[in-house]
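The structure under discussion appears below in the form of C-alpha coordinates.
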Amino acid sequence: MSTTSTTDASPYATHVIRVSAAEAQLLVQRDARYQPLISHFGLLERTVHADVYTGLVITIMGQQLSNKARDGIIAKLPPQYLTSPEVLHEVCVRSSENGERLLPFARTKISTLEQVTARFCSGQWSAAKLQDMTPEQRLAELCSVKGIGLWSVNMIEIMVFGDPDCFASGDYGVQQGWAMLTHRNLKKLSKTQLQSSLARYARKVSPVGTAATLYLWALKDSAGKLPQS
(Lines give C-alpha, C1' and ligand atoms only; values in the text may rest on other atoms or scores of the structure.)
Protein backbone atom coordinates (compact mmCIF):
# COMPACT_ATOMS: atom_id res chain seq x y z
CA MET A 1 0.00 0.00 0.00
CA SER A 2 1.18 3.53 -0.65
CA THR A 3 1.35 6.37 1.85
CA THR A 4 -0.45 9.40 0.50
CA SER A 5 -0.12 12.10 3.16
CA THR A 6 0.67 13.03 6.75
CA THR A 7 -1.77 15.21 8.63
CA ASP A 8 0.55 17.02 11.05
CA ALA A 9 3.43 16.58 13.49
CA SER A 10 1.32 16.49 16.66
CA PRO A 11 1.15 13.45 18.97
CA TYR A 12 -2.11 12.60 17.23
CA ALA A 13 -0.52 12.71 13.79
CA THR A 14 -1.75 10.18 11.28
CA HIS A 15 -0.98 9.29 7.72
CA VAL A 16 -3.20 7.91 5.01
CA ILE A 17 -2.41 4.65 3.24
CA ARG A 18 -4.15 3.88 -0.03
CA VAL A 19 -4.57 0.49 -1.63
CA SER A 20 -2.15 0.41 -4.56
CA ALA A 21 -3.13 -0.56 -8.09
CA ALA A 22 -0.90 -3.63 -7.80
CA GLU A 23 -2.64 -4.72 -4.60
CA ALA A 24 -6.06 -4.21 -6.16
CA GLN A 25 -5.03 -6.31 -9.15
CA LEU A 26 -3.69 -9.06 -6.89
CA LEU A 27 -6.91 -9.02 -4.85
CA VAL A 28 -8.94 -9.57 -8.00
CA GLN A 29 -6.63 -12.44 -8.92
CA ARG A 30 -7.34 -13.97 -5.52
CA ASP A 31 -11.10 -13.41 -5.82
CA ALA A 32 -12.62 -11.98 -9.01
CA ARG A 33 -15.71 -10.84 -7.09
CA TYR A 34 -13.74 -7.79 -5.90
CA GLN A 35 -13.48 -6.36 -9.42
CA PRO A 36 -16.84 -4.53 -9.39
CA LEU A 37 -16.12 -3.26 -5.87
CA ILE A 38 -12.76 -1.82 -6.90
CA SER A 39 -14.28 -0.31 -10.06
CA HIS A 40 -17.04 1.29 -8.02
CA PHE A 41 -15.19 2.42 -4.85
CA GLY A 42 -11.78 3.09 -6.38
CA LEU A 43 -8.55 2.58 -4.42
CA LEU A 44 -9.68 2.78 -0.81
CA GLU A 45 -7.78 4.51 1.97
CA ARG A 46 -7.28 4.07 5.68
CA THR A 47 -5.81 6.33 8.36
CA VAL A 48 -2.86 4.98 10.34
CA HIS A 49 -1.64 6.39 13.65
CA ALA A 50 1.87 7.78 13.55
CA ASP A 51 2.53 6.94 17.21
CA VAL A 52 2.24 3.33 18.38
CA TYR A 53 1.34 4.07 22.01
CA THR A 54 -1.31 6.62 21.04
CA GLY A 55 -2.77 4.27 18.47
CA LEU A 56 -2.98 1.39 20.93
CA VAL A 57 -4.69 3.50 23.58
CA ILE A 58 -7.18 5.01 21.14
CA THR A 59 -8.05 1.56 19.77
CA ILE A 60 -8.69 0.18 23.26
CA MET A 61 -10.72 3.22 24.24
CA GLY A 62 -12.80 2.73 21.10
CA GLN A 63 -13.76 -0.87 21.86
CA GLN A 64 -17.54 -1.34 21.56
CA LEU A 65 -18.00 2.34 20.68
CA SER A 66 -18.88 4.03 17.44
CA ASN A 67 -16.15 6.18 15.90
CA LYS A 68 -18.23 9.26 16.67
CA ALA A 69 -18.63 8.33 20.35
CA ARG A 70 -14.95 7.44 20.65
CA ASP A 71 -13.80 10.69 19.05
CA GLY A 72 -16.14 12.70 21.29
CA ILE A 73 -14.68 11.11 24.43
CA ILE A 74 -11.07 11.44 23.29
CA ALA A 75 -11.54 15.12 22.46
CA LYS A 76 -12.43 15.77 26.11
CA LEU A 77 -9.47 13.89 27.61
CA PRO A 78 -6.25 15.64 28.65
CA PRO A 79 -3.71 15.16 25.82
CA GLN A 80 -1.21 13.59 28.26
CA TYR A 81 -3.47 10.56 28.61
CA LEU A 82 -2.74 9.69 24.99
CA THR A 83 0.93 10.60 24.96
CA SER A 84 2.30 9.54 28.35
CA PRO A 85 1.95 5.96 29.65
CA GLU A 86 3.01 7.13 33.10
CA VAL A 87 0.24 9.74 33.34
CA LEU A 88 -2.51 7.42 32.10
CA HIS A 89 -1.28 4.57 34.29
CA GLU A 90 -1.53 6.72 37.41
CA VAL A 91 -5.06 7.77 36.44
CA CYS A 92 -6.06 4.14 35.86
CA VAL A 93 -4.65 3.05 39.22
CA ARG A 94 -6.44 5.86 41.03
CA SER A 95 -9.67 4.97 39.26
CA SER A 96 -9.33 1.30 40.15
CA GLU A 97 -8.20 1.66 43.74
CA ASN A 98 -10.22 4.66 44.86
CA GLY A 99 -13.18 4.45 42.56
CA GLU A 100 -12.55 7.99 41.34
CA ARG A 101 -14.45 8.83 38.15
CA LEU A 102 -11.40 9.99 36.22
CA LEU A 103 -12.08 8.12 33.00
CA PRO A 104 -15.45 7.74 31.23
CA PHE A 105 -15.06 4.00 30.75
CA ALA A 106 -16.22 0.78 32.38
CA ARG A 107 -13.95 -0.76 35.00
CA THR A 108 -13.00 -3.59 32.66
CA LYS A 109 -11.71 -1.17 30.03
CA ILE A 110 -9.84 0.86 32.64
CA SER A 111 -8.23 -2.38 33.81
CA THR A 112 -7.11 -3.13 30.25
CA LEU A 113 -5.64 0.35 29.89
CA GLU A 114 -3.88 -0.09 33.24
CA GLN A 115 -2.26 -3.31 32.05
CA VAL A 116 -1.17 -1.77 28.75
CA THR A 117 0.32 1.36 30.32
CA ALA A 118 2.10 -0.77 32.94
CA ARG A 119 3.87 -2.66 30.16
CA PHE A 120 5.00 0.58 28.54
CA CYS A 121 6.09 2.06 31.87
CA SER A 122 8.17 -1.02 32.74
CA GLY A 123 9.80 -1.18 29.32
CA GLN A 124 8.27 -4.57 28.56
CA TRP A 125 6.61 -2.88 25.59
CA SER A 126 7.87 -0.06 23.43
CA ALA A 127 7.10 1.11 19.93
CA ALA A 128 10.33 -0.42 18.65
CA LYS A 129 9.80 -3.78 20.38
CA LEU A 130 6.26 -4.13 19.08
CA GLN A 131 7.20 -3.03 15.57
CA ASP A 132 10.01 -5.59 15.45
CA MET A 133 7.58 -8.43 16.17
CA THR A 134 5.82 -10.41 13.48
CA PRO A 135 2.01 -10.08 13.36
CA GLU A 136 1.79 -13.54 14.94
CA GLN A 137 4.07 -12.49 17.79
CA ARG A 138 2.12 -9.28 18.33
CA LEU A 139 -1.12 -11.27 18.43
CA ALA A 140 0.21 -13.43 21.26
CA GLU A 141 1.73 -10.47 23.10
CA LEU A 142 -1.29 -8.19 22.85
CA CYS A 143 -3.76 -10.94 23.74
CA SER A 144 -1.80 -11.59 26.93
CA VAL A 145 -3.60 -8.48 28.22
CA LYS A 146 -7.06 -9.25 29.57
CA GLY A 147 -9.51 -7.22 27.53
CA ILE A 148 -7.63 -7.32 24.24
CA GLY A 149 -9.05 -9.84 21.78
CA LEU A 150 -8.95 -10.59 18.09
CA TRP A 151 -11.01 -7.52 17.08
CA SER A 152 -8.66 -5.15 18.87
CA VAL A 153 -5.58 -6.84 17.43
CA ASN A 154 -7.05 -6.68 13.92
CA MET A 155 -7.69 -2.95 14.28
CA ILE A 156 -4.24 -2.38 15.79
CA GLU A 157 -2.56 -4.21 12.92
CA ILE A 158 -4.47 -2.21 10.32
CA MET A 159 -4.60 1.22 11.98
CA VAL A 160 -1.38 1.25 14.02
CA PHE A 161 1.18 -1.04 12.39
CA GLY A 162 -0.06 -0.65 8.83
CA ASP A 163 -0.01 -4.39 8.14
CA PRO A 164 -0.96 -4.91 4.46
CA ASP A 165 -2.12 -8.49 5.08
CA CYS A 166 -4.54 -8.29 8.00
CA PHE A 167 -7.89 -9.85 7.14
CA ALA A 168 -10.00 -8.59 10.06
CA SER A 169 -11.94 -11.79 10.70
CA GLY A 170 -12.75 -10.65 14.23
CA ASP A 171 -14.78 -7.68 12.99
CA TYR A 172 -18.51 -8.22 12.55
CA GLY A 173 -18.66 -5.73 9.70
CA VAL A 174 -16.07 -7.75 7.80
CA GLN A 175 -18.00 -10.92 8.53
CA GLN A 176 -21.14 -9.30 7.14
CA GLY A 177 -19.31 -8.07 4.05
CA TRP A 178 -17.77 -11.50 3.49
CA ALA A 179 -21.22 -13.12 3.76
CA MET A 180 -22.63 -10.63 1.24
CA LEU A 181 -19.75 -11.21 -1.18
CA THR A 182 -19.82 -15.00 -0.93
CA HIS A 183 -23.59 -15.34 -0.55
CA ARG A 184 -23.33 -17.05 2.81
CA ASN A 185 -25.86 -16.90 5.62
CA LEU A 186 -24.13 -16.03 8.88
CA LYS A 187 -27.09 -17.23 10.91
CA LYS A 188 -26.69 -20.74 9.54
CA LEU A 189 -23.02 -21.01 10.46
CA SER A 190 -21.89 -22.17 13.88
CA LYS A 191 -19.10 -20.21 15.53
CA THR A 192 -16.65 -22.98 14.67
CA GLN A 193 -17.81 -23.11 11.05
CA LEU A 194 -17.54 -19.33 10.72
CA GLN A 195 -14.06 -19.20 12.20
CA SER A 196 -12.89 -22.03 9.96
CA SER A 197 -14.39 -20.43 6.86
CA LEU A 198 -12.88 -17.03 7.64
CA ALA A 199 -9.47 -18.57 8.29
CA ARG A 200 -9.57 -20.26 4.89
CA TYR A 201 -10.69 -17.05 3.25
CA ALA A 202 -7.87 -15.09 4.92
CA ARG A 203 -5.41 -17.50 3.30
CA LYS A 204 -7.21 -17.08 -0.02
CA VAL A 205 -6.79 -13.29 -0.08
CA SER A 206 -3.26 -13.23 1.38
CA PRO A 207 -1.01 -11.23 1.00
CA VAL A 208 -3.58 -8.45 0.51
CA GLY A 209 -5.87 -9.22 3.43
CA THR A 210 -6.10 -5.59 4.51
CA ALA A 211 -7.30 -4.51 1.08
CA ALA A 212 -9.95 -7.25 1.24
CA THR A 213 -10.99 -5.94 4.66
CA LEU A 214 -11.41 -2.40 3.37
CA TYR A 215 -13.58 -3.49 0.43
CA LEU A 216 -15.73 -5.74 2.61
CA TRP A 217 -16.36 -2.81 4.95
CA ALA A 218 -17.36 -0.71 1.94
CA LEU A 219 -19.64 -3.47 0.68
CA LYS A 220 -21.29 -3.86 4.08
CA ASP A 221 -21.82 -0.09 4.33
CA SER A 222 -23.49 -0.12 0.91
CA ALA A 223 -26.04 -2.61 2.28
CA GLY A 224 -24.56 -5.41 0.21
CA LYS A 225 -25.61 -3.98 -3.11
CA LEU A 226 -22.89 -5.19 -5.45
CA PRO A 227 -22.16 -2.52 -8.06
CA GLN A 228 -21.90 -3.72 -11.63
CA SER A 229 -18.53 -3.56 -13.37
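This is a predicted model, so every value here is computed, not measured.
- A tilted orientation is assigned to the rings of Phe41 and Tyr215, their planes being inclined by 30° to 60°.
- One finds the CZ atom of Phe120 at 13.0 Å from the NE2 atom of His89 (value rounded to the nearest 0.5 Å).
- Without hydrogens or angle criteria, Arg70 side chain to Leu65 main chain gives no donor-acceptor distance under 3.5 Å.
- Val160 and Leu56 get closest at one heavy-atom pair: CG2-N, 4.1 Å.
- A donor-acceptor contact shorter than 3.5 Å is absent between the side chain of Arg184 and the backbone of Trp178.
- Within the 3.5 Å criterion, the main-chain N or O of Thr192 finds no donor-acceptor partner in the side chain of Ser196.
- Other residues, nucleotides and ligands contribute only 12 or fewer heavy atoms inside 6.0 Å of the CD atom of Gln64.
- Formation of a donor-acceptor pair under 3.5 Å by the Lys109 side chain with backbone atoms of Gln63 is found in this model.
- The side-chain heavy atoms of Glu141 and Trp125, taken from C-beta on, include a pair separated by under 4.5 Å.
- The CZ atom of Arg138 sits 7.5 Å away from atom CG of Leu130, with the distance rounded to the nearest 0.5 Å.
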| field | Leu103 vs Leu88, side chain to side chain contact (heavy atoms under 4.5 Å, CB included): CA-CA, chis, key distance, verdict | value | CA-CA 10 Å; Leu103 291 167; Leu88 183 56; 4.2 Å; yes
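- Separation of atoms CG (Asp163) and OG1 (Thr213) is listed at 9.5 Å; rounding is to 0.5 Å.
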| request: Tell me, with the steps shown, if Gln175 and Leu216 meet side chain to side chain contact (heavy atoms under 4.5 Å, CB included). | output: CA-CA 8 Å; Gln175 294 172 13; Leu216 292 180; over 6 Å; no
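- Formation of a donor-acceptor pair under 3.5 Å by the Arg46 side chain with backbone atoms of Ile158 is found in this model.
- Once rounded to the nearest 0.5 Å, the distance linking OG of Ser39 with OH of Tyr34 reads 14.5 Å.
- To the nearest 0.5 Å, the span separating CG on Leu139 from CD on Glu157 amounts to 8.0 Å.
- Checked by atom type and distance alone, the side chain of Ser122 pairs as donor or acceptor with a backbone atom of Ala118 at under 3.5 Å.
- Side-chain atoms of Thr54 come within 3.5 Å of backbone atoms of Leu82 as a donor-acceptor pair (strictly under, hydrogens ignored).
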| Are Ser152 and Met155 close enough, and set up right, to give a side chain to side chain contact (heavy atoms under 4.5 Å, CB included), and what steps lead you there? | CA-CA 5 Å; Ser152 295; Met155 296 306 105; 5.9 Å; no
| field | Steps toward side chain to side chain contact (heavy atoms under 4.5 Å, CB included) verdict (Leu181, Tyr201) | value | CA-CA 12 Å; Leu181 185 76; Tyr201 194 77; 3.4 Å; yes
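- The closest donor-acceptor contact from the side chain of Ser96 to the backbone of Val93 lies at 3.5 Å or more, if one exists at all.
- Inter-residue side-chain proximity for Glu90 and Thr117 is flagged as unmet; no heavy-atom pair is nearer than 4.5 Å.
- Residues Pro207 and Leu26 have side chains in contact (heavy-atom distance under 4.5 Å, counting atoms from C-beta outward).
- The shortest distance between side-chain heavy atoms of Ile60 and Val116 falls below 4.5 Å.
- Put simply, the side chain of Leu150 reaches to within 4.5 Å of the side chain of Asn154, judged on heavy atoms.
- Between Leu219 and Leu37, the closest side-chain pair of non-hydrogen atoms falls below 4.5 Å.
- Within the 4.5 Å cutoff, side-chain heavy atoms of Pro104 are placed close to those of Leu77.
- Listed for the Gln137 side chain is a donor-acceptor partner under 3.5 Å among the backbone atoms of Thr134.
- With Ser95 contributing its side chain and Arg101 its backbone, the two residues share no donor-acceptor pair below 3.5 Å.
- Residues Trp217 and Leu44 have side chains not in contact (no heavy-atom distance under 4.5 Å, counting atoms from C-beta outward).
- The structure places CD1 of Ile148 at 6.5 Å from OG1 of Thr112, a figure rounded to the nearest 0.5 Å.
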